[in-house]
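The structure appears right after this line, and notes come after that.
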Amino acid sequence: MDLVFKIATIGIIVAVLNQLLIRSGKEEQAMMTTLAGLIVVLMMIITEISTLFDTIKSVFGI
Amino acid sequence: MNIVAIIGIGVVGAVLSQLIKQYKPEYGLFVSLGTGILIVGLVVIYVSPILTGLQEFVDRSGMDRQYGAILIKSLGICYITQVACESCSDAGETAIASKIELAGKISVVLLALPLFEAIAKIAFQLIEG
């Protein structure tokens with residue numbers, strides 16, 4: 001369950017950071033932080049997906 | 001099968017993904033994908049006793065053990081492809097979702113090929129007999 005909350009917090013933090021950076025005139029860094037947040041969340045999701053598919057494979061004997 | 005927990009996770013995930021979608025649309029997709037994976041993981045854990053019961057039922061009915069295995073495998077394939085299709089179409093990529101569905105159908109047909117041969121063999125024996 002904490003996975004969902006983790007992703008939500010990362011999203012909110014990146015959004016706030018983005019607004020902060022854009023207001024202070026640093027658009028490139030804003031894009032950088034969005035990209036970094038995206039990659040972090042993607043890595044978390046990929047590890048979850050791989051564990052899910054391993055369990056399904058073991059349960060269904062595929 | 002704690003259905004209340006699953007409903008709670010689903011509703012909280014939906015609300016969170018809508019909340020985040022206003023600020024960052026791509027994170028909304030991640031949140032819904034994460035909730036989906038969480039729920040599917042929970043359900044898979046509850047499915048395994050059903051599968052062992054199914055396998056015993058197939059053995060007791062005297063059929064070849066291989067047919068039960070094919071049955072369970074095709075169930076697993078359909079399950080996974082359905083998860084992938086739903087998350088793709090949820091993200092708006094209906095084209096990719098239909099491609100995954102096509103691949104799932106083909107793999108199930110491929111899996112069930114020996115069954116068709118067995119049926120054909122029986123049919124020929126009946127005709128010649």
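First the proteins, then the strands, lettered A, B, ... as listed; each starts at 1.
Listed in order of number, the residues of residues 69-81 of chain B that approach chain A to under 4.5 Å between heavy atoms are B:Ile72, B:Lys73, B:Leu75, B:Gly76, B:Ile77, B:Tyr79, B:Ile80. Using non-hydrogen atoms only and a strict 4.5 Å limit, the part of residues 11-24 of chain A facing chain B consists of A:Gly11, A:Ile12, A:Val14, A:Ala15, A:Asn18. Residues of residues 103-126 of chain B placed with any heavy atom under 4.5 Å of a heavy atom in chain A are absent; none qualify.
Among A:Ile49, A:Thr34, A:Ile56, A:Thr51, the residue making the largest number of heavy-atom pairs under 4.5 Å with chain B is A:Ile56. When each of B:Ser32, B:Gly41, B:Gly34 is checked for heavy-atom pairs under 4.5 Å with chain A, B:Gly34 comes out on top.
Checked by atom type and distance alone, the side chain of B:Tyr27 never pairs as donor or acceptor with a backbone atom of A:Thr9 at under 3.5 Å.
Closest non-hydrogen pair, B:Ser17 versus B:Gly28, comes out as CB-O, 3.5 Å. A pairwise comparison of heavy atoms in B:Leu29 and B:Ser87 identifies CD1-O, 4.4 Å as the closest pair. Closest approach of B:Cys88 to B:Ile96, counting heavy atoms only: SG-CG2, 3.8 Å.
With sequence neighbours excluded, no residue forms a salt bridge (charged side-chain N to carboxylate O under 4.0 Å, His left out) with B:Asp90.
Residue B:Val31 forms a side-chain contact (heavy atoms from CB on, under 4.5 Å) with just one option from A:Ile7, A:Ile45, A:Ile10, A:Leu3, and that option is A:Ile7.
Looking at A:Ser58, there are no atoms closer than 4.5 Å to chain B (heavy atoms on both sides), in backbone or side chain. Using a 4.5 Å cut-off between heavy atoms, B:Leu38 touches chain A through its side chain atoms alone.
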